[in-house]
S.K.: 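The structure's right below; bear with me while I get my questions together.
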Amino acid sequence: SPFAIPGVRREVDPHLDPLLTFDRFIEGDCNRLARSAAWAIAQQPGETAFNPFLIYGGVGLGKTHLIQAIGNYARTHGHARTVRYTSSEQFTSEFVRAIRNNAAGAFAELYQSVDVLIVDDVQFFGGKEKTQEQFFHIFNELHLQRKQIVLSSDRPLKDIEGLEERLVSRFQWGLVADVQAPELETRIAILRRRAEDDGTKVSD
């Protein structure tokens, strides 16, 4: 377990996909604000007004790609020493396991030690009271230390049932940006990039 021994700092596994980078992200009108904010954050994590940064939108619109691109760029260019990407479901599973192993303190210590915390699909925190309480304290500590917090959701915060008001309030402290379905030209660009990646020849 990465948090088995309280008080002992361990190397943090970033859990990032190295292929999810800004270079491979197709920008369009549908995602320009979110992409611009993500780029600024990646260069100066914790130092912009975009902290926390929450991006929301439907499935398959590039949210995970964009938030992981922040972590990959920040690590590669030395702007962050430790990055941790996780989904809200994985965070909850780790927290439950930590409680079972009497390691809740070490769990919190691990997450409070990172320079950039990226949490995907925060809508799944809804209704999980103990997990929300733990994340609330981790969030507060990281924000106090001017560490970067990046979040994604598949819906606006007001539409997440069971999400505590204190978390909703904090998630709105920085920047909330949405991504829309791509327009035709962006869809074509995405398909061309994917075809190139797969080595597939596709006619215009």
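Side chains included, hydrogens not; waters and symmetry mates left out as well; all remaining heavy atoms used. The structure presented is a predicted model; accordingly, all values stated were derived computationally and were not measured.
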S.K.: Does R75 come within less than 4.0 Å of D115, counting only side-chain N to carboxylate O?
M.R.: no
S.K.: Roughly how far apart are Y85 OH and Q90 CD, rounded to 0.5 Å?
M.R.: 10.0 Å
S.K.: Enumerate the ring-ring contact (aromatic ring centres under 6.0 Å, His included) contacts for residues 184-204, please, sequence neighbours excluded, ordered by first and then second residue.
M.R.: none
S.K.: Taking the side chain as everything from C-beta on, heavy atoms only, tell me whether Q68 gets closer than 4.5 Å to T64.
M.R.: yes
S.K.: Just wondering, do W173 and F139 contact through their side chains at under 4.5 Å, heavy atoms?
M.R.: yes
S.K.: Taking all non-hydrogen atoms of both residues into account, name the closest pair between G126 and I160 and its distance.
M.R.: CA-CG2, 4.5 Å
S.K.: Among S153, S152, S87, which residue meets the side-chain hydrogen bond (donor to acceptor under 3.5 Å, both in side chains) test with D120?
M.R.: S152
S.K.: Among residues at least two apart in sequence or on other chains, which ones pass side-chain contact (heavy atoms from CB on, under 4.5 Å) with V202?
M.R.: A195, T200
S.K.: With sequence neighbours excluded, give me every salt bridge (charged side-chain N to carboxylate O under 4.0 Å, His left out) pair touching residues 39-56.
M.R.: E47-R146
S.K.: Quick check: is Y56 connected to L33 through a chain of hydrophobic side chains (ILVMFWY, heavy atoms under 4.5 Å apart)?
M.R.: no
S.K.: Can you name the nearest heavy-atom pair linking R32 to E27, along with the distance?
M.R.: NE-OE2, 2.9 Å
S.K.: Under the ring-ring contact (aromatic ring centres under 6.0 Å, His included) rule, collect the residues that match up with H65, sequence neighbours excluded.
M.R.: F25
S.K.: If you take all heavy atoms of L151 and P52, which pair is closest and at what distance?
M.R.: CD1-CB, 4.5 Å
S.K.: Can you name the side-chain contact (heavy atoms from CB on, under 4.5 Å) partners of R194, sequence neighbours left out?
M.R.: D198
S.K.: Report yes if some heavy atom in the side chain of L110 is under 4.5 Å from a heavy atom in the side chain of R84; otherwise report no.
M.R.: yes
S.K.: Quick one: salt bridge (charged side-chain N to carboxylate O under 4.0 Å, His left out) partners of R24, sequence neighbours excluded?
M.R.: D197
S.K.: Got a second to check how far I41's CD1 is from L175's CG, nearest 0.5 Å?
M.R.: 7.0 Å
S.K.: Between Q132 (side chain only) and R166 (backbone N and O only), is there a donor and an acceptor less than 3.5 Å apart?
M.R.: no
S.K.: When clusters are formed by joining ILVMFWY residues with side-chain heavy atoms under 4.5 Å apart, either directly or through shared neighbours, do L54 and W39 land in the same one?
M.R.: no
S.K.: Would a single hydrophobic cluster contain both L16 and V150, if residues Ile, Leu, Val, Met, Phe, Trp and Tyr are joined by side-chain heavy-atom contacts under 4.5 Å?
M.R.: yes
S.K.: Among all residues two or more places apart in sequence or in another chain, which pass the side-chain contact (heavy atoms from CB on, under 4.5 Å) test with A38?
M.R.: F22, F53, L66, I70
S.K.: Between S169 and E165, is there a donor-acceptor pair closer than 3.5 Å when you use the side chain of the first and the backbone of the second?
M.R.: no
S.K.: Compare every heavy atom of Q112 with every heavy atom of H137, then report the nearest pair and how far apart it is.
M.R.: O-NE2, 3.8 Å
S.K.: If you round to the nearest 0.5 Å, how far is CZ of R192 from CD1 of I26?
M.R.: 10.5 Å
S.K.: When rounded to the nearest 0.5 angstrom, what distance separates CG in N72 from CG in L19?
M.R.: 9.0 Å
S.K.: D159: which residues meet the side-chain hydrogen bond (donor to acceptor under 3.5 Å, both in side chains) condition with it, sequence neighbours left out?
M.R.: none
S.K.: Assess the residue pair L61 and N31 against the criterion (side chain to side chain contact (heavy atoms under 4.5 Å, CB included)); give the C-alpha distance rounded to whole Å, side-chain angles, the decisive distance to 0.1 Å, and a yes or no.
M.R.: CA-CA 9 Å; L61 300 183; N31 58 37; over 6 Å; no
S.K.: Could you go step by step and tell me if R170 and N140 meet the side chain to side chain contact (heavy atoms under 4.5 Å, CB included) rule?
M.R.: CA-CA 9 Å; R170 278 160 175 76; N140 285 344; 2.7 Å; yes
S.K.: Looking at every heavy atom in both S113 and T82, which two are closest together, and how far apart are they?
M.R.: O-OG1, 3.5 Å
S.K.: If I take atom CZ from residue R155 and atom CD from residue Q123, how far apart are they, to the nearest 0.5 angstrom?
M.R.: 5.0 Å
S.K.: Linking I/L/V/M/F/W/Y whenever any side-chain heavy atoms sit under 4.5 Å apart, do L163 and F124 land together?
M.R.: no
S.K.: Suppose we screen for side-chain contact (heavy atoms from CB on, under 4.5 Å). Which residues come up paired with N51, at least two apart in sequence or across chains?
M.R.: H143, Q148, I149
S.K.: Considering only heavy atoms from C-beta outward, does the side chain of F95 approach that of K128 to under 4.5 Å?
M.R.: no
S.K.: Give me the atom names and distance for the closest heavy-atom approach of F136 to L167.
M.R.: CA-CD2, 4.0 Å
S.K.: In the structure I gave you, are the side-chain heavy atoms of E141 and E109 within less than 4.5 Å of one another anywhere?
M.R.: no
S.K.: Taking the side chain as every heavy atom from C-beta outward, state whether V114 and K147 have any pair of such atoms under 4.5 Å apart.
M.R.: no
S.K.: Would you list the pairs meeting salt bridge (charged side-chain N to carboxylate O under 4.0 Å, His left out) in which at least one residue belongs to residues 49-59, sequence neighbours left out?
M.R.: none
S.K.: Show the atom names and distances, to 0.1 Å, of all donor-acceptor pairs under 3.5 Å that link a side chain in residues 177-184 to residues at least two apart or in another chain.
M.R.:
from	atom 1	to	atom 2	distance (Å)
D178	OD2	Q180	NE2	2.3
E183	OE2	D29	N	3.4
E183	OE2	T186	OG1	2.3

S.K.: Classify the side-chain pair Y111/E94 by whether it contains a donor and acceptor separated by less than 3.5 Å.
M.R.: yes
S.K.: Do V176 and V119 belong together in a cluster built from hydrophobic side chains that touch within less than 4.5 Å?
M.R.: yes
S.K.: Applying ring-ring contact (aromatic ring centres under 6.0 Å, His included), can you list everything that pairs with F135, at least two apart in sequence or on another chain?
M.R.: F91, F125
